[in-house]
Protein chains: 2
Amino acid sequence: MSRRFDPDHTDRAILRLIQRDAALSLADIAKEVGLTPTPCWKRIRKMEQEGVITGRVVLLDPEKVGLGVSVFVAIETGDHSAPWIESFATTVAKMPEIVECWRLGGDVDYLLRVVVPDMQAFDTFYRRLTAQVPALRKVTSRFAMERVKSTTALPI
Amino acid sequence: MSRRFDPDHTDRAILRLIQRDAALSLADIAKEVGLTPTPCWKRIRKMEQEGVITGRVVLLDPEKVGLGVSVFVAIETGDHSAPWIESFATTVAKMPEIVECWRLGGDVDYLLRVVVPDMQAFDTFYRRLTAQVPALRKVTSRFAMERVKSTTALPI
DNA sequence: TCAGTAGTAGGAAAATCTTTTGCTTGCAAG
DNA sequence: CTTGCAAGCAAAAGATTTTCCTACTACTGA
């Protein structure tokens, strides 16, 4: 598997477009970047094969589906062993409410974002999490009041 | 604009599928949820019109495009006035490196995730941010060591 | 009670549009 | 030159979208 991919100006233009709207037709993308559909399609396929493009998804409005509460959970663990780290990752993978989980450097070991319908559901989640994960030293939950910005588009 | 949408079992099944892979054809989605393409398409179109589905996007591998560094920036502000909040939101919207920005309740006022190529680029960003935003009381940057989990799929 | 009817959801087939393939051309590096 | 990309064109393959129709449910007013 190749470590890097160096997109040229046209590749970048394509990526910038479809990162924002993947419903655009090849004809539209091609027109925008100054190509015809075929070479444009070949570039996209290549970037899919190389793993630059990891997927196509639809995004939902969390409010509209009753999942308007996001909570950030900062975790400090008392156990930094490889087995603990591995089992924590497995637990995280299995909990669909956890939409993001980052291992950080510094005082906080992990930062999670948890998506739930309401505070009560968060409490239920919280109990489940703390019951399942051993050796938690400190867990700090912060509720999101407002999603000021949230994009999947990387600054390419 | 309707505040909520209550998806039935079939709607949810469709959403679960296309939240993970929006490249599936209608025929495949329909087969999976036990419908034919037409009613399936009508449901998807309705959810798009109602704003449940906010968009279709392509996801990129940050490493592959040289944007492998994510930094979480926790901000405490000294100014909680409406004009400050508004101008901060405008600044955030204009900086493409900031991919997420949440206003929180509690000790930390804002939490950002910033995506950059390397530490040096983060430093450049950091200087720009602190120069542009007034009244910052405390800014704490935490570097992500590992993306344990990151999904756009809501737990529906 | 019981037609009549409006609203909702599903389906088949046709029309339209997009994607994909195969082939050709042009250009630049060796 | 000639070899190797990258682009383009045109046609085939495939997907989406539309149209039209049926079944079912719930409500309406003799």
Side-chain angles (χ1 to χ4, degrees), chain A residues 1-61 63-67 152-154 156, chain B residues 1-61 63-67 152-154 156:
Chain A
M1 189 191 223
S2 63
R3 201 63 256 132
R4 276 286 179 92
F5 177 82
D6 71 319
D8 66 9
H9 180 79
T10 307
D11 288 327
R12 283 168 186 278
I14 293 172
L15 291 177
R16 273 194 296 271
L17 278 174
I18 63 181
Q19 267 199 120
R20 301 220 139 69
D21 185 4
L24 289 168
S25 74
L26 277 174
D28 289 342
I29 300 166
K31 188 152 40 120
E32 203 68 38
V33 304
L35 284 176
T36 53
T38 305
C40 196
W41 177 79
K42 282 177 186 163
R43 281 165 181 268
I44 292 171
R45 187 189 52 172
K46 189 177 176 202
M47 292 193 281
E48 279 167 345
Q49 287 170 345
E50 303 243 359
V52 177
I53 293 173
T54 57
R56 290 162 181 269
V57 300
V58 305
L59 303 178
L60 307 187
D61 181 335
E63 311 273 350
K64 286 274 168 63
V65 294
L67 290 167
T152 53
L154 302 181
I156 203 173
Chain B
M1 190 191 220
S2 63
R3 204 60 257 133
R4 276 286 179 90
F5 177 82
D6 69 321
D8 66 9
H9 180 79
T10 306
D11 288 327
R12 283 170 186 277
I14 293 172
L15 291 178
R16 273 194 297 270
L17 278 173
I18 62 181
Q19 267 199 121
R20 301 222 138 68
D21 186 2
L24 289 168
S25 74
L26 275 176
D28 290 342
I29 300 165
K31 188 151 41 119
E32 203 68 38
V33 304
L35 283 177
T36 52
T38 306
C40 196
W41 178 79
K42 282 177 185 167
R43 282 166 181 267
I44 292 171
R45 186 189 53 173
K46 189 179 176 199
M47 292 192 283
E48 279 168 345
Q49 286 169 346
E50 303 242 0
V52 177
I53 293 173
T54 56
R56 291 164 180 268
V57 300
V58 152
L59 303 178
L60 308 186
D61 182 334
E63 311 274 350
K64 285 274 168 64
V65 293
L67 291 167
T152 53
L154 302 181
I156 202 174

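Values below: all heavy atoms of this structure, side chains included; hydrogens, waters and symmetry mates excluded. Every chain is numbered from 1 and lettered A, B, ... according to where its sequence line falls, protein lines coming before strand lines.
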Checklist entry - Rounded to whole angstroms, how far apart are CZ on Arg56(A) and C1' on dA15(D)? => result 14 Å
Checklist entry - Separation of Ile14(B) atom CD1 from dA9(C) atom C1', in whole Å? => result 12 Å
Item to check | Rounded interatomic separation in angstrom, taking CG from Asp11(B) and P from dA9(C) | outcome: 9 Å
Checklist entry - Which whole-number value in Å describes the distance from His9(B) NE2 to dA9(C) C1'? => result 16 Å
Next on the checklist: Taking salt bridge (charged side-chain N to carboxylate O under 4.0 Å, His left out) as the cut-off, I'd like each qualifying pair that reaches into residues 11-21 of chain B, sequence neighbours left out, listed once.
Outcome noted: Asp11(B)-Arg43(B)
Checklist entry - For nucleotides 20-30 of chain C, read 5' to 3', which letter fits each nucleotide if B means a protein heavy atom sits under 4.0 Å from the base, S means only the sugar-phosphate is that close, and - means neither? => result SBB--------
Item to check | Side chain proximity check, Val58(A) to Ile44(B), heavy atoms < 4.5 angstrom | outcome: no
Checklist entry - dA6(D) P sits how many Å from Met47(A) CE, rounded? => result 13 Å
Checklist entry - Expressed in angstrom and rounded to an integer, what is the separation of Asp8(B) atom CG from dA9(C) atom P? => result 8 Å
Item to check | Euclidean distance, atom NZ of residue Lys46(A) to atom C1' of dA7(D) [Å, nearest integer] | outcome: 14 Å
Item to check | Nearest-Å distance for atom pair CZ/P, residues Arg43(A) and dA6(D) | outcome: 8 Å
Checklist entry - Which nucleotide in the set dC9(D), dA15(D), dA9(C) lies at the smallest distance from any side-chain heavy atom of Ser25(B)? => result dA15(D)
Next on the checklist: Tell me which one of Ile14(A), Thr152(A), Ile156(A) satisfies side chain to side chain contact (heavy atoms under 4.5 Å, CB included) with Gln19(A).
Outcome noted: Ile156(A)
Item to check | Met47(B) side, atom CE; Glu50(B) side, atom CD - distance, nearest 0.5 Å | outcome: 9.5 Å
Item to check | Distance-minimising heavy-atom pair for Ala27(A) and Pro37(A) | outcome: CA-CG, 4.1 Å
Next on the checklist: Nearest 0.5 Å, please: how far is CD1 in Ile53(A) from CG in Leu60(B)?
Outcome noted: 6.5 Å
